[in-house]
Amino acid sequence: MHSSVRKTTSQFLLKRISTTVILSAVSSMAYAGGTAFDANSISAMGNASAGQAAEAGDASVLFANPAALTRFKRAELTQGAAIITIGTDYTSTQNNDGASSGAPQGQNGQVFSRKDGFDSAALAPNLFIAIPVNERLVMGFGAAASHGLVLHYDENFPGRNQGRDFDLKVIRLNLGFGYKVTPTLSLGMNGSYERYFQSLKLKLNYRKAVADIVERDCTTLCLLTPDLANAILQTPEGEANGGLRMFGWAFNTQVGGLWEPTANTRIGVSYRPKTRFTGNRGKFVLNDPQLAGFQDSLRSNAGLAALQGIDTIQAADDLAAEQVIKQEITLPDELRVSLFHHATPKLDLMATYTRQDFSVTKLNFERERNGRTLENIPQNFVATESYRVGLNYKLYKRLTLRAGYAVENSAVDDATRVTFLPDSDRQYFSFGGQFDLSRDTSIHFAYQKLDTDPAPVGANKGIRPEEVRGGDFQGNVQLDTHFFGVGFTERF
C-alpha cells in the first residue's frame, strides 16, 4: 500500500516541475482595486474624481455618467493626457530572503527600490466628444483607460520568481447618449468595447522547483532523493528569463441618471455591470539557452523516471519554448453616486461614493492546446468602497482651481496578496485647475498623488501547484505613484 501511495504522488512530480515555467508567468496578474484608473479625465483628476457623475464640467462626464451629457448645449471636444510615474519598493522582513539561486538574498530591513529608468512612467491619453442632437438628446463618444497598472521591481528583488515587471491596460471605447426626460431628470446609456492587454517578465528557477518538490514529498518519495532527482533531470543552474504578452476584449453597457432638484444642485447615479473577458489569448516565451538540453534530458531519462511513476515525455512537452495561454477574467461591476452643489458664485462642492465588488474576479489560467489548468491563485477578493470629496474655486474670471481627497479600501488581504497584486488601502491627494483662454477654449491641468499603505507579500501558500509560488520570501511592497495631467476643451 505504501508503494501505491509513492507512485500516485510521484507521477505528478515532473508534470508540476515542467509547468513551473508557464505557471509562474501567469501567476502574477493584478485585477484588484489598485488597477482602477483615475486619469480618464484630467478635469476630474483635479478633484480626485469627486462629483464626476454629476458635475458635467466637460465631455469626459460620459465615462462616469452618460445621463449628464444633457448638460451640454453646444458640441465640444475634450482631449488630454496623463503621465504616471511609478516607484516600486520591496522591503525584506526576514534574513536570507528569496531563493538562493545566484542573486543576492535580501536581509531583514533591506530595501530593493526601483524609481527610475525609461519604463518607470506611463502615458495615458483620453478623448471625449459631446454632440447635442436636439434640446433633449445629446450623443457622446469617448476613449480612455479604465484600468491600468505598471510595476517594475528591482531585477534581483526576492520575489522575482513570482514576477518582476508587469504592465496591464484596459482601454474602453464608449458610445452613449443622454436624454432629458423632464426639465429636472435625465437618463442615459453607454455601450462600450474594451480592449485588454498585459505584459509580464519574470525569473524562473528550475532547480529550486525540483528541490522543493522532492523535499516536500520525501516521506512518500524516499527513493527519489534530491541527488537522484538532479541526476535524472540535469536541472539547469541559475535562473531563466520568461515573458508573457496577452490580449483580450469584451463588450459592456452602462446606465445612468441625473436629477437636478434645484438650479444649484445635481445628483448623478450610474451603474456598470461586471465585465467578462472571454477571448484572452497570449504567448509565453521562455528565453533559456539550457532549455533544449533540459528537454532532451527529460526524454532520454524517460525509462528511469517511469520507475518512479513520472511521465518525463509529457514534462518535456509542457516546457515548449513558446506556448499559447488562454484565460477568462471578470472585472467587477461599479456603482457610482455623485453630488454636485454650486454653493456660492465662486465655490462648488462635490462628493462621490463608488463600490466595486471584486469577489467575482478569479485568477485561473489554462493551456490553449489541451485546456489543462495551468495555475489557480486563491484570492479573498472583497468589494472596494471609495469616498471622495472635492471643490472648485473660481479664483479669477478665467481661472478655476480644483482640489480633492479620497480614501479607498483594498480588495486584497495580507494572506493572499502576491507581488503583482500590491493593492492596499490608499489615499488620493489632488490639485488642479482650469484656465479659460476664451469662451470656446479651456486648458485643464491636474496633479494627483496616490498614497498606499505597505502591503505584505509572500504569505500566500495556497497557490497551486505549490512550486510556482517562487522562492521563500517575506516582505512589504509599496508603490510611490504620481499623476501629472494636461488637457484642453474646445466648444463649437
Side-chain angles (χ1 to χ4, degrees), residues 36-84 123-133 137-148 169-180 186-195 252-256 258 266 268 270 272 334 336 338 340 350 352 354 390 392 400 402 430 432-437 440-446 448 483-492:
F37 198 62
D38 263 17
N40 44 64
S41 167
I42 303 304
S43 59
M45 190 170 78
N47 298 118
S49 299
Q52 189 179 10
E55 180 187 10
D58 58 45
S60 64
V61 73
L62 170 70
F63 187 93
N65 183 10
L69 288 170
T70 58
R71 295 284 303 172
F72 301 106
K73 306 306 178 186
R74 293 194 295 162
E76 73 170 55
L77 178 148
T78 295
Q79 188 170 18
I83 296 176
I84 304 98
L123 178 67
N126 56 70
L127 171 69
F128 296 93
I129 300 172
I131 303 175
V133 177
L137 180 65
V138 181
M139 303 296 295
F141 169 79
S146 62
H147 290 74
K169 298 183 182 72
V170 178
I171 306 300
R172 183 184 298 171
L173 302 181
N174 285 322
L175 181 62
F177 70 90
Y179 184 79
K180 188 173 283 292
S186 300
L187 301 177
M189 178 177 288
N190 263 332
S192 64
Y193 168 79
E194 304 189 32
R195 184 66 171 169
N252 206 348
T253 59
Q254 182 185 31
V255 294
L258 181 70
R266 300 191 286 275
S270 67
R272 173 178 292 275
E334 180 185 77
R336 187 189 304 255
S338 293
F340 175 88
M350 57 198 75
T352 289
T354 60
N392 297 335
T400 300
R402 304 175 183 271
S430 296
Q434 175 179 317
F435 182 73
D436 298 326
L437 298 176
D440 298 328
T441 306
S442 299
I443 301 294
H444 308 278
F445 56 91
Q448 179 173 272
F483 297 77
F484 304 87
V486 63
F488 75 92
T489 294
E490 185 71 23
R491 303 169 189 87
F492 303 94

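Here the structure is a predicted model, which means the values were calculated and not measured. Below, each value reflects all heavy atoms present in this structure, side chains not excepted, and no hydrogens, waters or symmetry copies.
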- Message: Do Asn392 and Met350 make a side-chain contact, defined as non-hydrogen atoms from C-beta onward lying under 4.5 Å apart?
- Response: yes

- Apply side chain to side chain contact (heavy atoms under 4.5 Å, CB included) to the pair Leu127 and Leu77, showing each step before the final yes or no. CA-CA 8 Å; Leu127 171 69; Leu77 178 148; 4.0 Å; yes

- Okay, side chain of Ser146, backbone of Ile171: is any donor-acceptor separation there less than 3.5 Å? no

- Message: Using the side chain to side chain contact (heavy atoms under 4.5 Å, CB included) definition, which of the options Leu69, Val133, Ile131 pairs with Val138?
- Response: Leu69

- So do Asn47 and Thr352 actually touch side chain to side chain, heavy atoms under 4.5 Å? no

- Exercise: identify the closest heavy-atom pair between Gly46 and Ala446: N-CB, 3.7 Å

- Query: Can you list the residues that meet the side chain to side chain contact (heavy atoms under 4.5 Å, CB included) rule with Thr253, with sequence neighbours excluded?
  - Reply: Pro273

- Query: Does Glu76 have any salt bridge (Lys or Arg N to Asp or Glu O under 4.0 Å) partners at least two apart in sequence or in another chain, and if so, which?
  - Reply: Arg491

- Any side-chain heavy-atom pair from Phe483 and Ile84 closer than 4.5 angstrom? yes

- Item | Phe488: ring-ring contact (aromatic ring centres under 6.0 Å, His included) partners, not counting sequence neighbours | none

- Partners meeting side-chain hydrogen bond (donor to acceptor under 3.5 Å, both in side chains) with Asn174 (sequence neighbours left out): none

- Output all residues satisfying side chain to side chain contact (heavy atoms under 4.5 Å, CB included) with Tyr193, sequence neighbours left out; order by chain, then residue number. Leu173, Arg195, Trp249, Phe251

- Task: Indicate yes or no: at least one non-hydrogen side-chain atom of Gln254 is less than 4.5 angstrom from one of Ser270.
- Result: yes

- ring-ring contact (aromatic ring centres under 6.0 Å, His included) involving Phe141 - partner list, sequence neighbours excluded: none

- Message: If I compare all heavy atoms of Ala145 with all of Asn40, which pair ends up nearest, and what's the gap?
- Response: O-CB, 3.6 Å

- Query: Looking at CG of Asn252 and CG of Asn190, how far apart are the two atoms once the value is rounded to the nearest 0.5 Å?
  - Reply: 10.0 Å

What donor-acceptor contacts under 3.5 angstrom involve side-chain atoms of residues 59-66, with partners at least two apart or in another chain?
{"unit_1": "Ser60", "atom_1": "OG", "unit_2": "Ser41", "atom_2": "OG", "d": "2.7"}
{"unit_1": "Ser60", "atom_1": "OG", "unit_2": "Asp58", "atom_2": "OD1", "d": "2.4"}
{"unit_1": "Asn65", "atom_1": "OD1", "unit_2": "Ala67", "atom_2": "N", "d": "3.2"}
{"unit_1": "Asn65", "atom_1": "ND2", "unit_2": "Ala53", "atom_2": "O", "d": "2.9"}
{"unit_1": "Asn65", "atom_1": "ND2", "unit_2": "Gly257", "atom_2": "O", "d": "3.1"}

- Qualifying residues under side-chain hydrogen bond (donor to acceptor under 3.5 Å, both in side chains), relative to Thr489, sequence neighbours excluded: Thr78, His444

- Message: Atom CG of residue position Leu437 - does it have more than 12 heavy atoms of other residues, nucleotides or ligands inside 6.0 Å?
- Response: yes

- Identify, with sequence neighbours excluded, every residue that meets side chain to side chain contact (heavy atoms under 4.5 Å, CB included) alongside Phe484. Thr85, Tyr447, His482

- Item | Residues forming a side-chain hydrogen bond (donor to acceptor under 3.5 Å, both in side chains) with Arg336, sequence neighbours excluded | Gln52, Glu334

- Note on the structure: Sorted by chain and residue number, the salt bridge (Lys or Arg N to Asp or Glu O under 4.0 Å) partners of Arg402 (sequence neighbours excluded) come out as Glu55

- Query: How long is the gap from CZ on Phe445 to CD1 on Ile42, to the nearest 0.5 Å?
  - Reply: 12.0 Å

- Can you name the side-chain hydrogen bond (donor to acceptor under 3.5 Å, both in side chains) partners of Asp436, sequence neighbours left out? Gln434, Ser442

- Query: When rounded to the nearest 0.5 angstrom, what is the spacing between CD in Glu194 and NZ in Lys169?
  - Reply: 16.0 Å

- Task: For the pair Arg266 (side chain) and Ala54 (backbone), establish whether a donor and an acceptor sit closer than 3.5 Å, ignoring hydrogens and angles.
- Result: yes

- Message: Do Ile83 and Val486 have side chains that approach each other closer than 4.5 Å (heavy atoms only, starting at C-beta)?
- Response: no

